[in-house]
Amino acid sequence: MASQLRENNDGANLCRHLVSAAKTIPDSLAVAVQQANGKSISGLRYQEMDFQTLNTKSDELASALIYHGLTPGMKAVLMVTPSIDFFCLTFALFKAGIIPILVDPGMGVKNLKQCFIEAKPDAFIGIPKAHIARRLFGWGKPTVKHLINVGGSAFAQALTGATSLESLLKANPATEPFNMRWLDEDAMAAILFTSGSTGTPKGVVYSHKMFEAQITALKDDYAIKPGERDLATFPLFSLFGPALGMASIVPDMDASKPITANPDFIFAAIEKYQCSNMFVNPALIERLGGAGEACQHKLTSIQRVISAGAPATISSIKRFSKMLNDEVEVLNSYGATESLPLSKIGSKAMFNTTDITDNGGGICVGKAIDGVDIAIITIDEQPISSWDEALRLPADTIGEIVVKGPMVSRSYYQRDSATKIAKIKDGSEIRHRMGDLGYLDSDGLLWMCGRKAHRVDAEATTANEPKRYYSIPCERIFNTHSDVKRSALVGVKVAGRVTPLVCIELKQSVACSLSNKLYSELKAIAEQHSQTQGIERFLIHPDFPVDIRHNAKIFREKLAVWAQKEIKE
């Protein structure tokens with residue numbers, strides 16, 4: 001009873017769930033990591049660990065890290081591929097009160113270096129490849145004092161100039177459970193960097209309160225139960241498995257490049273462990289759906305699919321859903337690194353919104369989950385110091401999406417100006433400005449209309465009044481053309497005035513040119529809808545630049561630069 005009181009009143013730590021699972025279901029599977037030897041399914045192997053062992057190993061590592069000289073409150077970069085070591089190390093850092101810094105390697109060398117400059121890490125824990133890159137590019141050089149290498153050959157370890165994880169454990173063989181560090185629920189527990197798909201990556205300060213809110217949402221709103229097995233394709237989400245009493249099954253794939261995943265490996269992992277849950281982003285939905293359709297594969301054990309990160313297309317969800325049992329849905333979640341999850345909608349309800357989306361009504365991302373308040377405010381680039389209910393716009397009015405809830409972050413790390421722009425004080429709570437535009441309908445459903453930075457405010461001409469165009473409504477209208485794979489709204493300067501232009505990526509079967517016929521058809525489509533009236537410029541781009549992780553977030557900023565060079569006034 002005393003320990004329970006301490007957990008509730010004297011501090012917070014995500015690892016309390018792991019400790020509890022180690023006591024109640026010690027021999028149950030906690031983690032299984034798939035290891036491929038070549039491209040054949042016959043070469044697949046699995047490394048497994050139960051809850052008791054995961055708890056014990058993370059205790060031993062936490063003790064070894066402290067013995068090595070790390071102290072609570074220090075910050076440690078963690079660049080370890082999804083593995084048993086990744087799970088043990090992450091829980092060890094949380095237990096020791098050491099703040100893990102988690103970055104997406106797919107963000108690029110330049111952005112990674114900037115992340116480490118801002119985060120000022122005290123330690124760098126990584127695989128040999130990460131350490132070699134660290135030495136080559138000077139990541140964290142001014143502040144890092146502790147170097148720990150994870151895995152690799154003896155030769156690779158020698159190149160890192162770091163202490164190996166094995167020698168760290170040998171130097172301090174733990175003989176008793178680690179005395180877990182308890183933090184204030186709002187204290188910094190981790191730093192997670194955004195992907196940087198719409199700008200420079202920012203470090204989001206996570207607290208144990210945020211983690212607890214996410215765990216609660218997965219239990220209550222997504223109905224995940226202890227004993228389930230999750231096919232985990234995203235490292236952060238996979239950590240929630242052990243916290244939920246659910247086994248995390250990690251397939252052999254590059255989590256930063258899901259579009260390159262081998263569908264056979266993923267299907268094999270689901271089949272072997274009879275996974276009931278899976279987390280997939282739009283790139284994987286597209287890839288797995290295509291593979292499943294080609295071989296008529298069925299995912300008979302799956303009871304729930306969670307998709308997040310970017311809006312998946314309805315066509316790709318429909319194709320993917322052919323592999324699922326009739327009653328199983330793809331649950332599309334809305335949120336961001338700063339606040340996730342916020343709302344959700346099942347695929348069956350989403351299919352009923354197709355006509356609205358295709359006619360410029362935005363993408364429906366569902367209703368707010370329990371404990372989340374979503375508001376729409378007037379689009380404004382200026383900071384808002386404090387919340388006033390008068391800011392809230394009426395239903396069916398497009399504006400900026402603002403959210404409040406226990407999973408909403410309070411600040412960015414070392415980014416005071418970004419925090420000032422994105423956060424609104426609401427008493428003791430914080431509201432987050434998502435940077436997205438949308439509206440709430442009369443039923444409380446949230447409809448996404450694109451990023452705030454991607455709207456185009458067309459300036460008046462002698463023929464037209466000034467008009468505001470929103471990316472998702474415009475693009476989904478043009479995407480209905482049978483030859484169009486996807487489109488992207490950008491703003492260009494014509495005769496000194498901001499003018500809307502739509503970049504078009506054609507389907508592979510279509511010749512890459514803008515014929516008079518296609519141009520006339522696109523212009524006619526534009527005139528049929530109030531959201532697109534006035535758009536008269538189109539350019540064919542052979543292959544849109546998109547983010548690596550989701551393969552869905554179009555780099556419109558790059559397309560705008562390209563289009564400006566291409567247009568002829």
Side-chain angles (χ1 to χ4, degrees), residues 14 90 100 102-104 186 188-198 201-224 230 232-241 243-244 246 248 255 258 277-285 304-312 330-346 363-375 401-413 418 422-423 429-436 438 446 448 451 547 549-550 552-553:
L14 170 69
T90 307
L102 301 174
V103 295
D104 182 352
D186 286 321
M188 182 165 62
I191 300 173
L192 277 63
F193 274 88
T194 61
S195 65
S197 59
T198 55
K202 298 184 287 291
V204 180
V205 176
Y206 262 63
S207 65
H208 283 289
K209 179 181 178 181
M210 288 178 63
F211 284 125
E212 290 284 0
Q214 291 172 324
I215 291 169
T216 298
L218 291 171
K219 282 182 179 178
D220 297 346
D221 292 270
Y222 292 82
I224 292 177
D230 171 53
T233 60
F234 181 57
L236 179 62
F237 188 86
S238 67
L239 292 172
F240 291 128
L244 290 159
M246 175 174 66
S248 288
N277 186 77
M278 65 187 299
F279 180 96
V280 286
N281 68 10
L284 266 182
I285 283 180
R304 182 192 311 100
V305 180
I306 300 173
S307 177
V330 177
L331 303 177
N332 294 273
S333 296
Y334 172 65
T337 306
E338 297 91 336
S339 45
L340 179 73
L342 296 168
S343 70
K344 68 180 176 69
I345 183 172
I363 298 174
C364 186
V365 292
K367 289 189 176 182
I369 66 169
D370 189 44
V372 171
D373 178 67
I374 299 174
I401 301 171
V402 178
V403 298
K404 182 178 75 171
M407 69 289 293
V408 173
S409 61
R410 300 184 69 87
S411 65
Y412 294 108
Y413 189 70
K423 308 298 180 181
E429 297 182 277
I430 292 291
R431 289 183 183 264
H432 176 68
R433 301 168 73 176
M434 293 293 291
D436 291 327
L446 178 63
M448 263 276 292
R451 296 290 292 171
D547 70 302
R549 179 179 295 282
H550 304 296
K553 294 181 179 179

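Both backbone and side-chain heavy atoms feed into the values below; hydrogens, waters and symmetry mates do not.
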### Message
Tell me whether the rings of H432 and Y412 are parallel (<30°), tilted (30 to 60°) or perpendicular (>60°).
### Response
perpendicular
### Task
Kindly confirm or rule out a cation-pi arrangement of K202 over F193, judged by NZ or CZ under 6.0 Å from the six-membered ring centre and within 45° of its axis?
no
### Query
Taking the side chain as C-beta and beyond, is there a heavy-atom pair between D370 and D220 under 4.5 Å?
no
## Note on the structure
Taken to the nearest 0.5 Å, the spacing of S343 OG from M448 CE works out to 9.5 Å
### Expected output: side-chain D104 to main-chain T194 donor-acceptor under 3.5 Å
no
### Task
State whether the side chain of Y206 and the backbone N or O of T337 hold a donor-acceptor pair below 3.5 Å, judged by distance alone.
yes
### Task
Spell out, as yes or no, whether a donor-acceptor pair under 3.5 Å connects the side chain of R304 to the backbone of A223.
yes
### Query
Backbone N or O of V205 within a donor-acceptor pair of the S409 side chain at under 3.5 Å?
no
### Task
Check the pair D436, Y334 against side chain to side chain donor-acceptor pair (under 3.5 Å), reporting the backbone distance first and the verdict last.
CA-CA 11 Å; D436 291 327; Y334 172 65; 2.7 Å; yes
### Task
Search all heavy atoms of G203 against all heavy atoms of I191 and return the closest pair with its distance.
CA-CG2, 3.9 Å
### Task
Answer yes or no: is there a side-chain heavy-atom contact under 4.5 Å between M434 and V403?
yes
### Message
Quick one, I401 and I374 - any side-chain contact, counting heavy atoms below 4.5 Å?
### Response
yes
### Query
Which heavy atom of P406 sits nearest a heavy atom of G371, and at what distance?
CD-O, 3.6 Å
### side-chain contact (heavy atoms from CB on, under 4.5 Å) partner of L218, the single match among L244, D230, N277
L244
### Heavy-atom check, side chain of N332 versus side chain of K344, under 4.5 Å
no
### I215 vs F240, side chain to side chain contact (heavy atoms under 4.5 Å, CB included): CA-CA, chis, key distance, verdict
CA-CA 7 Å; I215 291 169; F240 291 128; 3.7 Å; yes
### Task
Quick one: do M407 and F211 satisfy side chain to side chain contact (heavy atoms under 4.5 Å, CB included)? Show the steps, please.
CA-CA 7 Å; M407 69 289 293; F211 284 125; over 6 Å; no
### Query
Just how far is it from atom CD of E338 to atom CZ of R410, taken to the nearest 0.5 Å?
15.0 Å
### Query
Between S307 and N281, is any pair of side-chain heavy atoms under 4.5 Å apart?
no
### Query
Donor-acceptor pair, R431 side chain versus K423 backbone, under 3.5 Å?
no
#### Entry: Residue of the set I369, V372, D373 for which side-chain contact (heavy atoms from CB on, under 4.5 Å) holds with L342
V372
### Summary
Heavy atoms of P258 and A283 approach each other most closely as CG-CB, 4.1 Å
### Query
Under 3.5 Å, is there a donor-acceptor pair between the side chain of K219 and the main chain of Q214?
no
### Message
side chain to side chain contact (heavy atoms under 4.5 Å, CB included), that's the test. Do I345 and L331 meet it? Break it down for me.
### Response
CA-CA 6 Å; I345 183 172; L331 303 177; over 6 Å; no
### Message
When you compare the side chain of V330 with that of I285, does any pair of heavy atoms fall below 4.5 Å?
### Response
yes
### Message
Could you check whether any side-chain N or O of S248 sits under 3.5 Å from a backbone N or O of S238, counting only pairs where one atom can act as donor and the other as acceptor?
### Response
yes
### Query
Do you know which two heavy atoms are closest between K553 and G309, and how far apart they sit?
CE-O, 3.0 Å
### Message
Test your reading of the model: is there a side-chain donor-acceptor pair from T216 to the backbone of E212, 3.5 Å cut-off?
### Response
yes
